[in-house]
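Data block below; observations after.
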Amino acid sequence: MGLFAKLGLYWHTLRRLKAQQIVGRIVFRVKKVKADLAPPPAKRTITVPLSPVARRRPSLVGKTQFRFLNEEGDLTSDGWDNPDREKLWRYNQHYFDDLNAISAEDRVDWHRDLVARWIAENPPSLGSGWEPYPTSLRIVNWVKWAMLGEPLSADVCHSLTIQTRWLSQKIEWHLLGNHLFANAKALVIAGCFFEGDEAESWLQTGATILLDELPEQILRDGGQFELSPMYHALALEDVLDLINILRASGVEGQAELVKALEKKVDPMLSWLATMSHPDGGIAFFNDAAFGIAPENNELLAYAERLGFSSLAAPSGLALVEPSGYARMATGPLVVIADAAEIGPTYLPGHAHADTLSFECSLYGQRVIVNSGTSLYGLGPERLRQRGTRAHSTVCVDGTNSSHVWSGFRVAQRASISGRRGIETDEALVLEASHDGYHRHKRGLTHERSWTVRENYLLIEDKLTSPQSADAIFHIHPDVQIQIETPRSGAMILKDGHRVNWECSCPARLQPGTWHPEFGVSIPNSHLIAALDKGQVAFKLSW
């Protein structure tokens with residue numbers, strides 16, 4: 001990349017950042033924090049039992065054996081910060097999610113040993129485990145473990161205090177978003193677990209941040225503002241945890257925060273239902289995969305235990321604003337479409353170049369999908385999975401609709417226009433367009449419409465200026481796709497249902513991969529049709 005191209009890349013990336021992110025990054029790197037080893041404050045007396053929390057699958061598979069991101073490791077050989085492991089895998093070692101996972105009570109002796117070992121082998125401020133984000137998650141998990149019945153030793157309470165003091169001086173103002181929310185959540189929850197002036201200061205700091213961030217990070221329609229169903233599920237868990245612990249602790253002076261959190265739950269549950277398939281799992285837009293957040297059924301049951309009612313997914317046409325996603329559901333068909341912006345202008349780190357992509361299910365089974373997410377970090381595979389061709393949309397001349405680069409960067413971004421939904425007795429119609437290819441050719445716009453009738457789905461694509469472009473449809477691995485003529489064929493679902501497909505242009509199959517979880521790559525097929533004079537129509541019927 002030439003100098004001017006590199007300068008342009010950084011300009012389009014950095015110009016959207018908030019000043020506090022730039023200043024915060026400098027302060028974060030320069031500021032030296034010394035661990036405060038003073039004795040801990042007293043534990044608060046909890047009189048109201050904590051409601052059981054949402055559970056994840058177990059990640060501690062032996063006394064010192066972990067399974068994170070579908071990759072196993074042993075603490076004896078790996079230690080706590082093995083540089084040969086991916087950063088996210090190492091982070092997971094320090095979260096302690098397994099303390100509150102499914103059947104955690106069967107592993108309580110392992111847990112006690114592991115916590116004691118972490119304290120002994122991770123001195124304050126050293127290693128990945130003391131970075132603010134894993135510190136935040138660990139504080140929360142230790143407190144939930146304690147409030148659900150585990151009597152913490154004096155050493156564990158002291159370590160918990162040291163970690164919270166450290167975190168209070170290392171808040172991630174330079175990152176904002178879900179990291180800042182996690183920091184604030186941990187401070188509130190530690191402030192609920194302990195009592196006294198120091199605990200009150202943690203509680204007030206965290207509560208102030210949350211009250212400022214809730215209106216921004218949780219949109220009016222209930223969606224988490226990074227527009228990833230996976231991060232939305234994590235945010236819903238955060239909100240439910242906060243409500244649960246604030247209620248149980250009986251802390252005074254936080255009625256405003258509790259009310260603000262409770263007000264968000266119903267819209268967040270509705271958004272999760274809208275953005276999930278009939279199989280009960282989230283759709284894959286932006287960074288999204290199974291196995292990171294608790295499964296939907298765990299979150300819904302958790303909400304119900306706290307007095308909230310789970311909401312059914314909407315039928316007909318649901319256009320969720322301001323998020324910009326849409327759901328079209330009728331008969332056996334569900335379509336979930338991305339007519340959304342790239343995400344927060346100053347925080348697109350989990351965004352993909354997936355504008356105007358979609359997923360659909362028929363008869364309760366996923367048929368057309370996006371490719372999902374199997375890894376973070378840097379490298380060509382991470383870039384490929386974020387790219388346009390990894391999604392069920394139109395790719396012009398092999399370029400990305402938004403300029404994703406590095407592991408979590410976006411320069412020029414697609415912007416949505418003309419988004420509208422039409423619902424009549426005969427059809428559901430969604431229309432939208434984006435300008436992401438303007439940098440490829442001035443004035444080049446991609447227009448897409450989805451039309452749903454009783455027994456078919458029609459997707460029509462048009463470029464305002466004809467270019468070399470492909471419409472790409474990623475097929476779920478369980479679906480057998482057949483080409484019977486160059487423009488038609490069938491998809492045979494796992495349960496035997498036949499779905500016919502037709503295309504206005506000749507279509508071809510290419511092998512690909514689907515990534516439903518981190519560390520997982522499953523072979524699948526892509527149906528690809530080159531646009532003819534900038535247009536193509538694709539139809540599924542059943």
Going by distance alone, is a donor N or O of one side chain under 3.5 Å from an acceptor N or O of the other, for [X] and [Y]?
X: Trp118; Y: His94; result: yes
X: Ser417; Y: Ser433; result: yes
X: Glu172; Y: His179; result: yes

Just to verify, what does [X] make a side chain to side chain donor-acceptor pair (under 3.5 Å) with, not counting sequence neighbours?
X: His111; answer: Asp98
X: Arg448; answer: Asp461
X: Asp97; answer: Asn141
X: Arg56; answer: Glu237

Worksheet item: Would you call the rings of Phe473 and Phe358 parallel, tilted or perpendicular, where under 30° means parallel and over 60° means perpendicular?
Response: perpendicular

Worksheet item: Once the angle between the rings of Trp271 and His232 is folded into 0 to 90°, is it parallel (under 30°), tilted (30 to 60°) or perpendicular (over 60°)?
Response: tilted

Item to complete: Name all residues meeting the salt bridge (charged side-chain N to carboxylate O under 4.0 Å, His left out) criterion together with Glu86; count only those two or more places apart in sequence or in a different chain, and write none if there are none.
Response: none

Discussion item. Quick test of your reading of the model: are Glu131 and Lys87 salt-bridged, counting only N-O distances below 4.0 Å?
Written reply: yes

Worksheet item: Centre of Phe408's six-membered ring, under 6.0 Å away, within 45 degrees of the axis: is that where NZ or CZ of Arg382 sits?
Response: yes

Which donor-acceptor pairs under 3.5 Å do the side chains of residues 311-320 make with protein atoms, sequence neighbours left out?
none

